[in-house]
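Naming convention: chains lettered A, B, ... in sequence-line order (proteins, then strands); numbering from 1 in each chain. Note that these values count all heavy atoms, side chains included, but never hydrogens, waters or copies made by symmetry.
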Protein chains: 2
Amino acid sequence: MDHTPLAATINLIGGKYKSLILWKLTNGLLRFSELRREIPCATPKMLTQQLRELETDGLINRKVYPVVPPKVEYSLTTLGKSLKPVLDTMYIWGTDYLSNKGIENKNTL
Amino acid sequence: MDHTPLAATINLIGGKYKSLILWKLTNGLLRFSELRREIPCATPKMLTQQLRELETDGLINRKVYPVVPPKVEYSLTTLGKSLKPVLDTMYIWGTDYLSNKGIENKNTL
DNA sequence: CGGTATCCAGGACGATACTG
DNA sequence: CAGTATCGTCCTGGATACCG
(Lines give C-alpha, C1' and ligand atoms only; values in the text may rest on other atoms or scores of the structure.)
Protein backbone atom coordinates (compact mmCIF):
# COMPACT_ATOMS: atom_id res chain seq x y z
CA MET A 1 0.00 0.00 0.00
CA ASP A 2 1.54 3.24 -1.16
CA HIS A 3 1.72 5.81 1.60
CA THR A 4 1.98 8.89 -0.64
CA PRO A 5 -1.59 10.13 0.04
CA LEU A 6 -1.01 9.86 3.76
CA ALA A 7 2.26 11.76 3.51
CA ALA A 8 0.57 14.44 1.40
CA THR A 9 -2.12 14.96 4.03
CA ILE A 10 0.41 15.14 6.85
CA ASN A 11 2.50 17.62 4.91
CA LEU A 12 -0.49 19.94 4.64
CA ILE A 13 -1.95 19.76 8.14
CA GLY A 14 0.97 18.41 10.18
CA GLY A 15 2.45 21.81 10.98
CA LYS A 16 2.64 22.81 14.60
CA TYR A 17 -0.54 24.90 14.67
CA LYS A 18 -2.09 24.17 11.29
CA SER A 19 -4.76 21.72 12.35
CA LEU A 20 -5.72 24.03 15.21
CA ILE A 21 -6.07 27.00 12.88
CA LEU A 22 -8.16 24.99 10.45
CA TRP A 23 -10.28 23.71 13.32
CA LYS A 24 -10.99 27.22 14.61
CA LEU A 25 -11.92 28.39 11.12
CA THR A 26 -14.51 25.64 10.63
CA ASN A 27 -16.88 27.79 12.67
CA GLY A 28 -16.48 30.68 10.25
CA LEU A 29 -14.02 33.44 9.48
CA LEU A 30 -11.74 34.91 12.09
CA ARG A 31 -9.51 37.94 12.29
CA PHE A 32 -5.84 37.70 13.09
CA SER A 33 -6.30 38.96 16.63
CA GLU A 34 -9.10 36.46 17.19
CA LEU A 35 -6.86 33.62 16.10
CA ARG A 36 -4.22 34.88 18.48
CA ARG A 37 -6.71 34.73 21.31
CA GLU A 38 -7.87 31.26 20.28
CA ILE A 39 -4.32 29.92 20.06
CA PRO A 40 -2.39 31.89 22.67
CA CYS A 41 0.63 29.59 22.65
CA ALA A 42 1.46 30.59 19.09
CA THR A 43 3.51 33.77 18.80
CA PRO A 44 2.44 36.30 16.15
CA LYS A 45 5.38 35.25 14.04
CA MET A 46 4.50 31.59 14.12
CA LEU A 47 0.85 32.29 13.51
CA THR A 48 1.66 34.43 10.49
CA GLN A 49 4.00 31.81 9.14
CA GLN A 50 1.54 28.97 9.49
CA LEU A 51 -1.27 31.08 8.03
CA ARG A 52 0.89 31.94 5.02
CA GLU A 53 1.69 28.29 4.42
CA LEU A 54 -1.96 27.31 4.68
CA GLU A 55 -2.78 30.07 2.22
CA THR A 56 -0.05 28.95 -0.19
CA ASP A 57 -1.38 25.41 -0.01
CA GLY A 58 -4.86 26.66 -0.90
CA LEU A 59 -6.52 25.71 2.37
CA ILE A 60 -7.43 29.18 3.59
CA ASN A 61 -8.28 32.61 2.18
CA ARG A 62 -6.76 35.82 3.43
CA LYS A 63 -8.92 38.88 2.88
CA VAL A 64 -7.43 42.29 3.60
CA TYR A 65 -9.69 45.29 4.16
CA PRO A 66 -7.92 48.55 3.29
CA VAL A 67 -9.15 50.38 6.36
CA VAL A 68 -7.65 52.02 9.42
CA PRO A 69 -7.10 50.26 11.70
CA PRO A 70 -6.19 47.31 9.47
CA LYS A 71 -8.59 44.40 9.24
CA VAL A 72 -7.74 40.95 7.91
CA GLU A 73 -10.07 38.01 7.82
CA TYR A 74 -9.10 34.40 7.43
CA SER A 75 -11.50 31.74 6.19
CA LEU A 76 -11.45 28.23 4.80
CA THR A 77 -11.36 27.63 1.07
CA THR A 78 -13.43 24.84 -0.44
CA LEU A 79 -10.36 22.64 -0.18
CA GLY A 80 -9.92 23.65 3.44
CA LYS A 81 -13.54 22.86 4.22
CA SER A 82 -13.11 19.44 2.63
CA LEU A 83 -10.68 18.62 5.42
CA LYS A 84 -13.46 18.68 7.99
CA PRO A 85 -13.96 14.88 8.05
CA VAL A 86 -10.25 14.45 8.69
CA LEU A 87 -10.22 16.97 11.52
CA ASP A 88 -13.44 15.57 12.97
CA THR A 89 -12.03 12.03 13.02
CA MET A 90 -8.87 13.26 14.70
CA TYR A 91 -10.89 15.25 17.20
CA ILE A 92 -13.08 12.28 18.09
CA TRP A 93 -10.11 9.95 18.46
CA GLY A 94 -8.33 12.51 20.61
CA THR A 95 -11.37 12.86 22.86
CA ASP A 96 -11.57 9.10 23.37
CA TYR A 97 -7.84 8.90 23.93
CA LEU A 98 -7.84 11.60 26.58
CA SER A 99 -10.86 10.20 28.42
CA ASN A 100 -9.37 6.68 28.43
CA LYS A 101 -6.14 8.08 29.81
CA GLY A 102 -8.24 9.50 32.63
CA ILE A 103 -9.75 6.07 33.32
CA GLU A 104 -6.29 4.51 33.40
CA ASN A 105 -5.24 7.06 35.96
CA LYS A 106 -8.31 6.26 38.04
CA ASN A 107 -7.43 2.57 38.00
CA THR A 108 -4.02 3.26 39.39
CA LEU A 109 -5.43 5.04 42.41
CA MET B 1 -14.65 24.50 20.81
CA ASP B 2 -11.63 23.34 22.75
CA HIS B 3 -8.88 22.10 20.47
CA THR B 4 -7.06 19.98 23.05
CA PRO B 5 -8.17 16.61 21.61
CA LEU B 6 -6.99 17.68 18.17
CA ALA B 7 -3.64 18.79 19.56
CA ALA B 8 -3.29 15.50 21.43
CA THR B 9 -3.85 13.49 18.26
CA ILE B 10 -1.39 15.59 16.26
CA ASN B 11 1.20 15.24 18.99
CA LEU B 12 0.98 11.46 18.72
CA ILE B 13 0.89 10.94 14.96
CA GLY B 14 2.25 14.24 13.63
CA GLY B 15 5.89 13.16 13.72
CA LYS B 16 7.74 13.10 10.46
CA TYR B 17 7.33 9.39 9.76
CA LYS B 18 4.92 8.30 12.45
CA SER B 19 1.76 8.07 10.43
CA LEU B 20 3.64 6.20 7.73
CA ILE B 21 5.00 3.67 10.22
CA LEU B 22 1.56 3.16 11.72
CA TRP B 23 0.10 2.79 8.26
CA LYS B 24 2.60 0.12 7.26
CA LEU B 25 1.95 -1.78 10.48
CA THR B 26 -1.81 -1.94 9.91
CA ASN B 27 -1.12 -4.86 7.58
CA GLY B 28 0.61 -6.79 10.36
CA LEU B 29 3.94 -6.89 12.10
CA LEU B 30 7.16 -5.83 10.42
CA ARG B 31 10.82 -6.14 11.21
CA PHE B 32 13.13 -3.15 11.41
CA SER B 33 14.73 -3.90 8.06
CA GLU B 34 11.31 -4.28 6.46
CA LEU B 35 10.28 -0.87 7.76
CA ARG B 36 13.50 0.55 6.35
CA ARG B 37 12.61 -0.84 2.96
CA GLU B 38 9.04 0.45 3.19
CA ILE B 39 10.17 3.94 4.20
CA PRO B 40 13.53 4.42 2.48
CA CYS B 41 13.66 8.18 3.01
CA ALA B 42 13.93 7.68 6.76
CA THR B 43 17.47 7.12 8.00
CA PRO B 44 17.99 4.32 10.55
CA LYS B 45 18.45 6.92 13.25
CA MET B 46 15.19 8.66 12.46
CA LEU B 47 13.33 5.39 12.14
CA THR B 48 14.60 4.23 15.52
CA GLN B 49 13.71 7.53 17.12
CA GLN B 50 10.19 7.59 15.76
CA LEU B 51 9.65 3.94 16.67
CA ARG B 52 10.79 4.61 20.23
CA GLU B 53 8.42 7.52 20.57
CA LEU B 54 5.52 5.50 19.20
CA GLU B 55 6.41 2.76 21.67
CA THR B 56 6.59 5.22 24.57
CA ASP B 57 3.21 6.60 23.59
CA GLY B 58 1.75 3.09 23.66
CA LEU B 59 0.91 2.90 19.97
CA ILE B 60 3.26 0.08 18.98
CA ASN B 61 4.88 -3.00 20.51
CA ARG B 62 8.54 -3.84 20.13
CA LYS B 63 9.33 -7.52 20.47
CA VAL B 64 12.97 -8.58 20.59
CA TYR B 65 13.96 -12.17 19.82
CA PRO B 66 17.24 -13.09 21.52
CA VAL B 67 18.67 -14.86 18.50
CA VAL B 68 21.62 -14.44 16.18
CA PRO B 69 21.29 -12.58 13.94
CA PRO B 70 19.05 -10.24 15.95
CA LYS B 71 15.36 -10.12 15.18
CA VAL B 72 12.98 -7.38 16.24
CA GLU B 73 9.33 -7.17 15.32
CA TYR B 74 7.13 -4.12 15.50
CA SER B 75 3.35 -4.31 15.71
CA LEU B 76 0.40 -2.12 16.62
CA THR B 77 -1.01 -2.12 20.12
CA THR B 78 -4.76 -1.98 20.66
CA LEU B 79 -4.44 1.77 20.97
CA GLY B 80 -2.42 1.88 17.77
CA LYS B 81 -5.03 -0.17 15.94
CA SER B 82 -7.72 2.21 17.15
CA LEU B 83 -6.06 4.91 15.04
CA LYS B 84 -7.03 3.14 11.83
CA PRO B 85 -10.14 5.30 11.18
CA VAL B 86 -7.97 8.41 11.52
CA LEU B 87 -5.33 7.09 9.14
CA ASP B 88 -7.97 5.85 6.71
CA THR B 89 -9.68 9.23 6.60
CA MET B 90 -6.37 10.96 6.02
CA TYR B 91 -5.46 8.47 3.32
CA ILE B 92 -8.77 8.94 1.51
CA TRP B 93 -8.54 12.72 1.67
CA GLY B 94 -4.96 12.60 0.43
CA THR B 95 -5.98 10.40 -2.49
CA ASP B 96 -8.73 12.82 -3.52
CA TYR B 97 -6.42 15.77 -3.05
CA LEU B 98 -3.71 14.31 -5.25
CA SER B 99 -6.10 13.25 -8.00
CA ASN B 100 -7.76 16.68 -8.06
CA LYS B 101 -4.37 18.32 -8.30
CA GLY B 102 -3.83 16.20 -11.39
CA ILE B 103 -7.08 17.47 -12.92
CA GLU B 104 -6.08 21.05 -12.22
CA ASN B 105 -2.82 20.48 -14.01
CA LYS B 106 -4.70 19.02 -16.99
CA ASN B 107 -6.90 22.13 -17.17
CA THR B 108 -3.91 24.38 -17.41
CA LEU B 109 -2.56 22.56 -20.44
C1' DC C 1 20.40 -7.65 11.83
C1' DG C 2 19.23 -3.83 14.34
C1' DG C 3 20.69 -0.66 15.86
C1' DT C 4 24.33 3.53 18.41
C1' DA C 5 27.69 7.30 18.49
C1' DT C 6 29.27 11.37 16.84
C1' DC C 7 29.36 15.43 14.36
C1' DC C 8 27.36 19.15 12.19
C1' DA C 9 24.31 22.31 9.12
C1' DG C 10 20.16 24.33 8.83
C1' DG C 11 15.74 25.27 10.25
C1' DA C 12 12.27 25.90 13.89
C1' DC C 13 10.93 28.78 17.25
C1' DG C 14 10.74 32.20 21.03
C1' DA C 15 11.68 37.04 22.75
C1' DT C 16 11.77 41.55 21.84
C1' DA C 17 11.30 45.66 19.44
C1' DC C 18 9.37 48.15 15.88
C1' DT C 19 5.92 49.85 11.88
C1' DG C 20 2.23 51.37 8.34
C1' DC D 1 -4.71 46.04 14.12
C1' DA D 2 -1.85 43.06 11.83
C1' DG D 3 1.80 42.18 11.24
C1' DT D 4 7.59 42.55 10.19
C1' DA D 5 12.59 42.66 11.62
C1' DT D 6 16.23 41.07 14.09
C1' DC D 7 18.62 38.20 17.11
C1' DG D 8 19.84 34.13 19.31
C1' DT D 9 19.01 29.41 20.87
C1' DC D 10 17.53 24.95 20.65
C1' DC D 11 16.40 21.13 18.26
C1' DT D 12 15.69 18.39 14.10
C1' DG D 13 17.51 15.52 11.18
C1' DG D 14 21.11 14.05 7.68
C1' DA D 15 25.84 11.82 6.97
C1' DT D 16 29.03 8.77 8.42
C1' DA D 17 31.14 5.38 11.03
C1' DC D 18 30.92 1.87 14.17
C1' DC D 19 29.06 -2.16 17.43
C1' DG D 20 27.02 -6.55 19.79
Side-chain angles (χ1 to χ4, degrees), chain A residues 3 6-8 10-22 24-25 27-57 59-77 80, chain B residues 3 6-8 10-25 28-57 59-77 80:
Chain A
H3 58 257
L6 201 50
I10 279 289
N11 285 340
L12 290 183
I13 68 169
K16 191 161 189 179
Y17 305 110
K18 286 184 181 179
S19 62
L20 303 186
I21 293 169
L22 295 169
K24 296 301 181 184
L25 290 177
N27 298 326
L29 47 80
L30 288 174
R31 299 180 61 170
F32 186 79
S33 53
E34 293 172 324
L35 281 168
R36 284 197 66 180
R37 238 170 292 128
E38 296 280 352
I39 310 172
C41 51
T43 60
K45 192 181 92 174
M46 283 308 302
L47 204 50
T48 301
Q49 184 192 110
Q50 301 274 296
L51 285 166
R52 292 290 190 280
E53 289 182 17
L54 288 169
E55 190 189 2
T56 301
D57 289 333
L59 296 176
I60 65 172
N61 292 126
R62 178 172 180 266
K63 177 158 188 182
V64 182
Y65 293 87
V67 296
V68 177
K71 177 176 175 180
V72 179
E73 283 175 350
Y74 293 92
S75 59
L76 296 181
T77 62
Chain B
H3 58 258
L6 202 51
I10 280 289
N11 285 341
L12 290 183
I13 69 169
K16 192 160 187 177
Y17 304 111
K18 286 184 181 178
S19 62
L20 303 185
I21 293 169
L22 294 169
W23 182 251
K24 297 300 181 186
L25 290 177
L29 48 80
L30 289 173
R31 299 179 59 172
F32 187 80
S33 53
E34 293 172 323
L35 282 168
R36 285 196 64 180
R37 238 170 290 128
E38 296 279 353
I39 310 172
C41 51
T43 59
K45 191 181 91 172
M46 282 309 300
L47 204 49
T48 300
Q49 182 192 111
Q50 301 274 298
L51 285 166
R52 290 291 190 280
E53 290 182 17
L54 288 169
E55 190 190 1
T56 300
D57 289 333
L59 297 176
I60 66 172
N61 291 126
R62 177 172 181 266
K63 177 159 188 182
V64 182
Y65 294 87
V67 296
V68 178
K71 177 176 175 180
V72 179
E73 284 176 351
Y74 293 92
S75 59
L76 296 182
T77 62

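Put simply, CG on B:Leu20 and NZ on B:Lys18 are 12.0 Å apart, with the number rounded to the nearest 0.5 Å. Here A:Leu51 contributes atom CG and A:Tyr74 contributes atom OH; the two are 4.5 Å apart, rounded to the nearest 0.5 Å.
Contact annotation: A:Arg62 side-chain N/O to D:dG3 OP1/OP2 distance is under 4.0 Å. In this model, the phosphate group of C:dC1 is not approached by any side-chain N or O of B:Arg31 to a distance below 4.0 Å at OP1 or OP2. Taking side-chain N and O atoms only, A:Tyr74 has no distance below 4.0 Å to OP1 or OP2 of D:dC1. Side-chain N/O atoms of B:Lys71 include none lying less than 4.0 angstrom from OP1 or OP2 on C:dG3. Residue B:Thr48 places no side-chain N or O under 4.0 Å from the OP1 or OP2 atom of C:dG3. Taking side-chain N and O atoms only, A:Arg37 has no distance below 4.0 Å to OP1 or OP2 of D:dA2. Phosphate proximity of C:dT4 to B:Arg52: present, with a side-chain N or O under 4.0 Å from OP1 or OP2. B:Thr43 has no side-chain polar atom (N or O) that falls below the 4.0 Å cut-off from OP1 or OP2 of D:dG13. Phosphate contact (OP1/OP2 of D:dT12, side-chain N/O of B:Tyr17, threshold under 4.0 Å): absent.
For the pair A:Ile39 CD1 and C:dG14 P, the interatomic distance rounds to 12 Å; values are reported in whole Å. The separation between B:Glu53 atom CD and C:dG3 atom C1' is 16 Å, rounded to whole Å. Between the CD atom of A:Gln49 and the P atom of D:dT4 there is a distance of 11 Å, rounded to whole Å. When rounded to the nearest whole Å, the span between CE of A:Met46 and C1' of D:dT6 equals 17 Å. Whole-Å rounding puts the B:Leu35 CG to C:dG2 C1' distance at 12 Å.
Of the candidate nucleotides C:dG2, D:dG14, D:dG3, D:dG3 has the atom nearest to the side chain of A:Phe32.
The residue among A:Lys45 and A:Val72 whose nearest nucleotide of DNA chain D is located toward the 5' end is A:Val72.
Residue contacts for A:Pro69: at a heavy-atom cut-off of 4.0 Å it reaches the sugar-phosphate backbone alone, with no base atom in range.
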